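Written below as structure tokens is the structure these notes are about.
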Amino acid sequence: MLGILHAESGPWTRMDPAAGSLRSVASKSRSNGKLPQHSLSRQMNHSRLEESFEAPGTPVSTVVNMFSSEAAHTPAGQDVIEVQILPQDNWADNTTAVTGNTSDVSTSLDDFGRFYRDPEHTLSFQCQRYLGTTLAGVISLFAFLSPVAMVIIPKTSLLGLKQAQLQCGAECDGTLISFAFKLVILLGGTWALFLRPPRATMPRIFTFRAVVLVLVFVFTFSYWLFFFVRVLEERAEIRYYTIVVFAGSLVDALLWIHYLAVLLLELRHAQPQYAVRVVRSPDGQSRLYPLGRLSIQRAAVHILERYYTDFPVYNPYLERLPTKASRKPSVTSYKYYDVDGSTAGSALQSPSRIIPANRRKDASHNERFYEEHEYERRVKKRRSRLVTAAEEAFTHIRRLKEQQGPAIPMDSHEAAQAIFPTMARPLQKYLRVTRQQPRHTMEAILAHLAQCLAHDMSPRAFLERYLSPAPVLQSEREARAVQSWALVCDTLLSRPAAEGVLFQLRQHDVSLLCSVVKLPHFNITEEIIDPKSNKFVLRLSSETSV
């Protein structure tokens, strides 16, 4: 339970029930002269699970330090356990950590964390992420600078052209102006459409993008090949205007390739052709999204983009709602038959206490129904109390104006710290009953409250983050730079998504099952209504009054 709360104080403090259990285990170990390692770890795991689901009270970290017999002045072979209750800045999470080892050669689980690295931080992932973009950038830059180099090289002494051959008349100047404007247009179009960081790292090659890059490379290489062959063979008779026209034709080819890239990469999938149904496991949330002509791996990227903006946050703690223990005595489901005719079997289980299977199913169904109904009632009750407390808290804050009397000015963060204690208890109870405590820290709540006060937001606007569980990106744990998902499909991932294709996206305990169906062809006919049929007659009856 919440103890004493002040606006200027730091984290809340309370006595942790796990500390008493750990002290009892420590006292027993001192009295017996042995350290019960299994019972201690089981007790700490039980207290950690209990606090992660119930989490009554405020953040307290229970740290258990175990010292060897050489470090402490105790008899040999006996260990000492010191329990310290340290206040932390967490919102509603109590952690039990064990530091140190009883042996110099033993290894804790913390040591294995050094050898494990997230796949997002490995060198192979970084190469896979930026290799395609880097290769495309190098090829595009080489193709863009090639026409410019073809125009500049003859002006140098590398080819040994005469001054008469380098003269440029009015027709040559017009071609150079057109050449420059085409390059500017090509640069602007490339920057607007393709100069952006990659949104996803796909396991298979992007076919259309690879085709466009191959065309760019082949065209540029061919132009350079013909350029050197023609210029070196005919450099005694070639004119500078001919070289400018040749470079301008390369710019035209690059513009047409850019147009082809826009059609294949940007416009081809714009028109919906299919619909994909996404079902999330284990909570069963589902959505239906339109889908264009995309490959399976690009369709997976499209689904993930919509998932993080449309789906509600998955809360695994809601899968285990609190259940009340039944007061009725448990009745076994086994049936006993008196084969020998004795009364011993009937004494063990009377026929009146044997419950049929269908009645047991009905009882389980009713029990689940009443538990869910009770949980919904508790959530609505906590929600109404939270809304009332937030509205009352916001009434105590008023923006300072010049015509008002003397007052103590405060910034938004100080004002948030001043009014937060009045709504802290209802907010904590609501987050506890909805299992949202691991997602929201007290610092994040104070920062959000200060932001709402600075922008004159209403109490409902402040509570929107906690009352509505959507979208997924709203969760602080999901706000990461890289999200890793595993794509499972029986079809090659570079193949286009078609009707009947089924693929799955997995991330830890969450999986998205995606099934693709084709949109039907819509036959729309025109029907003309006769204007004479739009006239009406009022019928009066003797039994009705108008």
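These numbers come from the heavy atoms of this one structure, side chains and all, not from hydrogens, waters or symmetry mates. Note that the structure is predicted; figures quoted are calculated from it, not measured. The first residue of the sequence shown is numbered 1, and numbering continues consecutively from there.
- With rounding to the nearest 0.5 Å, the separation of CG in Leu473 from OH in Tyr308 is 7.5 Å.
- Distance alone, capped at 3.5 Å, places no donor-acceptor pair between the Ser178 side chain and the Thr175 backbone.
- With values rounded to the nearest 0.5 angstrom, Phe208 atom CZ is found 11.0 Å from Leu263 atom CG.
- Contact of the Leu291 side chain with the His302 side chain is registered, since non-hydrogen atoms from C-beta on lie closer than 4.5 Å.
- Taking each heavy atom of Ser412 and Ala450 in turn, the nearest pair found is CB-O, 3.4 Å.
- Interatomic distance, Thr388 OG1 to Glu392 CD, rounded to the nearest 0.5 Å: 6.5 Å.
- With hydrogens and angles ignored, the 3.5 Å screen pairs a side-chain donor or acceptor of Gln507 with a backbone N or O of Ser484.
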Subject >> Stepwise side-chain contact (heavy atoms from CB on, under 4.5 Å) test for Val516 and Leu502 >> reply: CA-CA 6 Å; Val516 182; Leu502 190 69; over 6 Å; no
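- One distance of note links CZ of Arg465 with NE2 of His440; it measures 7.5 Å at 0.5 Å rounding.
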**OP:** Please test Leu183 against Val148 for side-chain contact (heavy atoms from CB on, under 4.5 Å), starting from the C-alpha separation and ending with a verdict.
**Re:** CA-CA 9 Å; Leu183 280 180; Val148 181; 3.5 Å; yes
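- Side-chain atoms of Val262 and Leu267, non-hydrogen and from C-beta on, do get closer than 4.5 Å to each other.
- Smallest separation of non-hydrogen atoms from Met423 and Ala393: CE-CB, 3.4 Å.
- Closest heavy-atom contact between Ala136 and Ser140: O-OG, 2.8 Å.
- Close placement of the Trp224 and Phe227 rings is indicated, their centers lying within 6.0 Å of each other.
- A 4.5 Å side-chain heavy-atom check between Leu427 and Phe420 finds at least one atom pair inside the cut-off.
- A donor-acceptor contact under 3.5 angstrom links the side chains of His413 and Gln417, judged on distance only.
- Under the ring-ring contact (aromatic ring centres under 6.0 Å, His included) criterion, the residue pairs touching residues 233-270 are Phe194-His258, Tyr223-Phe246, with sequence neighbours excluded.
- From Glu414, atom CD reaches atom CG of Leu446 across 12.5 Å, with rounding to the nearest 0.5 Å.
- The two residues Leu254 and Ala143 come nearest to each other via the heavy atoms CD1-O, 3.3 Å.
- Few gaps surround NZ on Lys155; more than 12 heavy atoms of other groups in view lie less than 6.0 Å from it.
- Using a 4.5 Å heavy-atom threshold, the side chains of Glu391 and Val387 count as touching.
- Listed by first and then second residue, the disulfide bond (SG atoms under 2.5 Å apart) pairs that reach into residues 179-215 come to none, sequence neighbours excluded.
- For the pair Thr434 (side chain) and Tyr430 (backbone), a donor-acceptor distance under 3.5 Å is present.
- Summarising the geometry, atom OG belonging to Ser511 is positioned 4.5 Å from atom CD belonging to Gln504; distances are rounded to the nearest 0.5 Å.
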**OP:** Check step by step if side-chain contact (heavy atoms from CB on, under 4.5 Å) holds for Phe503 and Asp490.
**Re:** CA-CA 8 Å; Phe503 59 94; Asp490 296 336; over 6 Å; no
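- Aromatic ring orientation, Phe462 versus His448: parallel (interplanar angle below 30°, classes split at 30° and 60°).
- Separation of the Tyr307 and Trp485 ring centroids falls under the 6.0 Å cut-off.
- Contact between Ile139 and Leu213 at its shortest, heavy atoms only, is CG2-O, 4.1 Å.
- Cys172 meets the disulfide bond (SG atoms under 2.5 Å apart) test with Cys168; sequence neighbours excluded.
- Side chains of Tyr317 and Gln436: a donor-acceptor N/O pair is absent below 3.5 angstrom, by distance only.
- The closest side-chain heavy-atom distance from Asp530 to Ser533 is below 4.5 Å.
- Other residues, nucleotides and ligands contribute at most 12 non-hydrogen atoms within 6.0 Å of the CG atom of Asp509.
- A 6.0 Å sphere centred on OH of Tyr314 holds more than 12 heavy atoms belonging to other residues, nucleotides or ligands.
- Among all heavy-atom pairs drawn from Arg129 and Pro198, the shortest one is O-CG, 3.9 Å.
- Side-chain contact check for Gln437 and Arg435: no donor-acceptor pair (N or O, by modelled atom type) lies under 3.5 Å.
- Side-chain contact check for Leu449 versus Ile419: some heavy-atom pair is nearer than 4.5 Å.
- A donor-acceptor distance shorter than 3.5 angstrom exists from the side chain of Gln297 to the backbone of Arg204, with no hydrogens or angles considered.
- Using a 4.0 Å cut-off between charged side-chain N and carboxylate O, Arg209 and Glu266 make no salt bridge.
- For the pair Arg287 and Phe311, the distance from NZ or CZ to the six-membered ring centre is under 6.0 Å and the angle to the ring normal is within 45 degrees.
- The shortest side-chain heavy-atom distance between Leu512 and Val279 does not fall under the 4.5 Å cut-off.
- Side-chain contact check for Leu493 versus Met202: every heavy-atom pair is 4.5 Å or farther apart.
- In this structure a side-chain-to-backbone donor-acceptor pair under 3.5 Å is present from Thr309 to Arg306.
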**OP:** Tell me, with the steps shown, if Ser146 and Leu250 meet side-chain contact (heavy atoms from CB on, under 4.5 Å).
**Re:** CA-CA 8 Å; Ser146 294; Leu250 175 58; 4.0 Å; yes
